2 protein chains.
Amino acid sequence: MTEGPTITTIAQRAGVSIASVSRVLNGLPTRPETERRVLQAAGELGYVPNSVARSLKSRRSNQVGFAIADIGNPAYLAMIREIQPLLKAAGYRLVLHSTGSDIAEEIEVLRGLGERYADGLIMVPLRMTEEHLKMFHAARAPIVIIGAAPDGAPVDNVRTDSRTGVRLALAHLHALGRRRIGFLNGPPDTVPGAARAAGWAEASRALGLPAGPELTEVGDFYRADGAAAAGRLLDRVPDLDALVCANDLIALGALDVLRRRGRRVPDDVAVTGMDDTDLATLAWPALTSVSLGSAERGRAAAGLLLDRLAGDGQGPRVVTVEPRLVVRGSTAGQETP
Amino acid sequence: MTEGPTITTIAQRAGVSIASVSRVLNGLPTRPETERRVLQAAGELGYVPNSVARSLKSRRSNQVGFAIADIGNPAYLAMIREIQPLLKAAGYRLVLHSTGSDIAEEIEVLRGLGERYADGLIMVPLRMTEEHLKMFHAARAPIVIIGAAPDGAPVDNVRTDSRTGVRLALAHLHALGRRRIGFLNGPPDTVPGAARAAGWAEASRALGLPAGPELTEVGDFYRADGAAAAGRLLDRVPDLDALVCANDLIALGALDVLRRRGRRVPDDVAVTGMDDTDLATLAWPALTSVSLGSAERGRAAAGLLLDRLAGDGQGPRVVTVEPRLVVRGSTAGQETP
DNA sequence: CTCCACTCCGTAAACGTTTACCGATGCTTT
DNA sequence: AAAGCATCGGTAAACGTTTACGGAGTGGAG
């Protein structure tokens with residue numbers, strides 16, 4: 001663990017100046033003899049350039065931050081799997097921030113951008129506060145928000161329309177003849193929770209279905225919360241014939257409860273999830289789910305950010321990904337292999 | 001996006017030297033009046049220290065790398081979920097490397113350490129080559145390997161004994177009266193694949209079970225490969241009454257195929273997975289799986305690395321996590337809620 | 001009143017790069 | 001043969017911090 005060689009070490013060994021070393025290593029034109037000696041010295045010393053010093057000089061860290069609430073959520077996972085290779089290919093490292101659903105931590109990540117450890121940031125915020133907006137304006141590096149960013153915020157934005165997503169699910173169940181449809185939502189004070197609640201109200205009205213609060217239960221976006229919420233809802237409304245769930249994890253929790261209570265899926269109760277994660281095909285029966293294009297959104301976000309980093313100076317851009325219903329056994333009654 | 005304030009900007013505005021600014025910001029003793037002026041100037045300017053410059057001076061990046069084959073694998077995910085908060089609490093950022101199962105990329109990550117962008121690295125290598133060893137010796141930052149590191153390698157090591165893991169699964173199935181037990185392994189040239197193959201041979205012999213190659217099929221560690229391997233094995237040995245799978249993803253693929261072919265699980269064929277990931281409880285029937293303590297190994301690895309970073313100068317340490325069989329419906333025939 | 005000790009803070013060097021700006025060398029051109 | 005011109009590479013400054021060192025000012029002791 002001795003201190004490593006620097007360009008100064010190389011310069012001494014090769015008998016040239018550090019400027020020449022730098023030039024050779026960066027491929028700038030140099031006399032062959034000089035080049036040879038530098039490369040030989042560098043090779044013998046096992047030289048590796050110090051990225052910190054390089055960053056200080058170049059003002060680029062070659063890192064990009066990615067901030068999400070919880071890596072455990074497979075919807076985010078799908079995004080990372082797209083984003084990481086794209087960034088790597090463009091020469092950027094990925095710094096992962098898992099903030100929990102804590103606003104303070106999200107803000108902290110945004111403030112951290114000021115430390116210049118990253119050249120840009122992709123964030124999937126759960127909530128959107130004044131504080132967020134202030135930080136967006138103050139940020140000195142490009143930011144891409146996956147989810148709804150307020151109009152006028154100086155950030156690129158990849159969004160999807162989960163209201164439409166809820167509508168797709170509801171229309172599908174309605175077409176299958178279901179009429180007592182419950183709704184398991186996430187926290188309504190989060191951006192996705194609010195959008196889904198709005199979509200639910202809107203679509204219910206359009207289809208002439210009841211949309212009273214007695215058909216809705218709320219919990220966090222996790223499986224255990226979904227199970228608990230499903231339990232409460234079934235207790236209150238025992239004759240439900242379908243459940244729309246605000247994400248796949250909630251839906252899986254609901255499936256657990258339904259199975260435990262002996263309700264057949266989809267015969268007695270049809271279930272839809274949202275996000276169309278890998279888990280949907282793992283469940284039994286396989287889960288009908290509204291795809292919000294997680295992978296596609298991840299790709300789009302990486303693309304927007306890389307454009308910015310390449311010097312694209314346009315105003316904020318918005319990419320919208322359309323929701324798409326993926327029908328599987330939990331509503332359609334036959335297995336999709 | 002103007003250039004941000006530096007300590008020089010603050011020094012000018014506060015009418016002091018940059019040394020004083022630095023001292024105030026680092027909490028070194030200063031006259032109250034000076035401190036006040038510096039803090040006020042810093043506040044007004046919205047100063048955020050430049051972490052790159054700080055790193056250059058301090059020779060610490062406050063980053064730690066984590067390198068895995070694929071974030072999609074929930075066993076790795078469980079590790080990240082433990083590692084990330086521990087690192088964050090200790091003031092380190094997490095740089096995520098997803099290498100695929102490509103050795104060259106793993107080596108590249110190790111070489112990258114020389115760039116000093118990270119103060120340490122946690123790696124879960126799939127294979128272990130001469131090249132790896134060389135890089136371990138050349139590395140100028142502490143490395144923790146999750147998985148089997150060769151004796152004598154200058155790295156800390158968190159390991160588990162997946163041979164024993166396979167034995168646990170096999171003994172369990174044997175105790176349930178199964179005698180025609182197949183084995184779906186991952187690539188035998190990977191470290192875990194080799195260990196599991198050895199465990200299989202060993203335990204079969206000990207239990208007096210046949211362990212010929214006709215009972216083994218090999219594929220990659222993914223669900224689709226598991227399904228394909230299960231298909232081939234069932235074609236060749238139709239009267240199997242149990243399947244030991246080298247990880248949960250393979251087992252889930254096997255479950256798909258068994259269901260498609262109308263074999264009841266566990267009645268006709270019992271199935272065990274390995275890693276005891278979240279997916280095990282999602283499958284139906286829930287998957288009996290050998291826990292290799294992914295979360296625990298993640299915690300241990302983070303702990304070892306943080307010790308090193310705190311200046312612990314001992315020789316290489318090894319932490320071993322014991323495998324543990326978690327019995328669920330795919331072998332025991334009754335649901336575990 | 002002088003000297004000493006102490007406190008506070010400014011100057012400058014250092015971390016390891018990149019790069020602007022010459023100066024030296026040797027070749028071409030007239 | 002002198003002037004001009006490339007070409008090559010060395011010197012030094014800069015990126016934004018931290019910190020060793022020493023100077024200036026203050027207060028107390030003799």
Side-chain angles (χ1 to χ4, degrees), chain A residues 2-39 41-42 45-63 91 112-119 140-141, chain B residues 2-39 41-42 45-63 91 112-119 140-141:
Chain A
T2 71
E3 287 312 315
T6 70
I7 54 169
T8 307
T9 329
I10 298 182
Q12 284 163 356
R13 177 179 267 243
V16 300
S17 77
I18 61 168
S20 291
V21 176
S22 176
R23 275 188 286 260
V24 169
L25 296 177
N26 288 299
L28 296 174
T30 321
R31 196 158 51 109
E33 165 65 7
T34 311
E35 179 171 332
R36 194 190 57 70
R37 283 163 59 188
V38 168
L39 290 180
L45 291 166
Y47 171 77
V48 181
N50 182 314
S51 64
V52 176
R54 198 197 289 261
S55 288
L56 179 59
K57 183 67 187 162
S58 67
R59 295 149 165 273
R60 315 199 87 215
S61 61
N62 297 310
Q63 300 193 141
L113 253 197
E115 294 176 14
R116 321 244 63 166
Y117 71 86
D119 299 331
R140 272 186 263 282
Chain B
T2 72
E3 287 313 316
T6 70
I7 53 168
T8 308
T9 328
I10 298 182
Q12 285 164 354
R13 175 178 268 244
V16 299
S17 75
I18 62 167
S20 290
V21 176
S22 177
R23 274 188 287 260
V24 169
L25 297 176
N26 288 300
L28 297 173
T30 322
R31 196 159 51 109
E33 165 64 8
T34 309
E35 180 170 331
R36 195 190 57 71
R37 283 161 60 187
V38 168
L39 290 180
L45 291 166
Y47 172 77
V48 182
N50 181 314
S51 64
V52 176
R54 198 198 290 262
S55 289
L56 178 59
K57 183 67 188 164
S58 68
R59 295 150 165 273
R60 314 199 89 213
S61 61
N62 297 309
Q63 300 193 141
L113 252 198
E115 294 177 14
R116 321 245 61 168
Y117 72 86
D119 299 330
R140 271 185 264 281

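Just so we're clear, the structure is a prediction, and the values are computed from it rather than from any experiment. Sequence lines set the chain letters: A, B, ... in the order given, protein chains first and strands last, and positions in each chain run from 1.
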Separation of Leu28(B) atom CG from dA20(D) atom C1', in whole Å?
13 Å
For Ser22(B) and Ile18(B), run side-chain contact (heavy atoms from CB on, under 4.5 Å): C-alpha distance rounded to whole Å, both residues' side-chain angles, the deciding distance at 0.1 Å, then the answer.
CA-CA 6 Å; Ser22(B) 177; Ile18(B) 62 167; over 6 Å; no
List the atom of Gln63(A), the atom of Tyr117(A), and the distance in Å for their closest heavy-atom pair.
NE2-O, 2.8 Å
Each nucleotide of nucleotides 10-18 of chain D classed B (base within 4.0 Å of a protein heavy atom), S (only sugar-phosphate) or -, in 5' to 3' order, makes BB--BBBBB
Kindly give the heavy-atom pair with the smallest separation between Gly15(A) and Arg37(A), and that separation in Å.
O-NH2, 3.6 Å
Under the rule for side chain to side chain contact (heavy atoms under 4.5 Å, CB included), what residues qualify as partners of Pro49(B), not counting sequence neighbours?
Tyr47(B), Arg54(B)
Could you measure the distance from the CD atom of Glu35(A) to the OG atom of Ser20(A)? Nearest 0.5 Å is fine.
11.5 Å
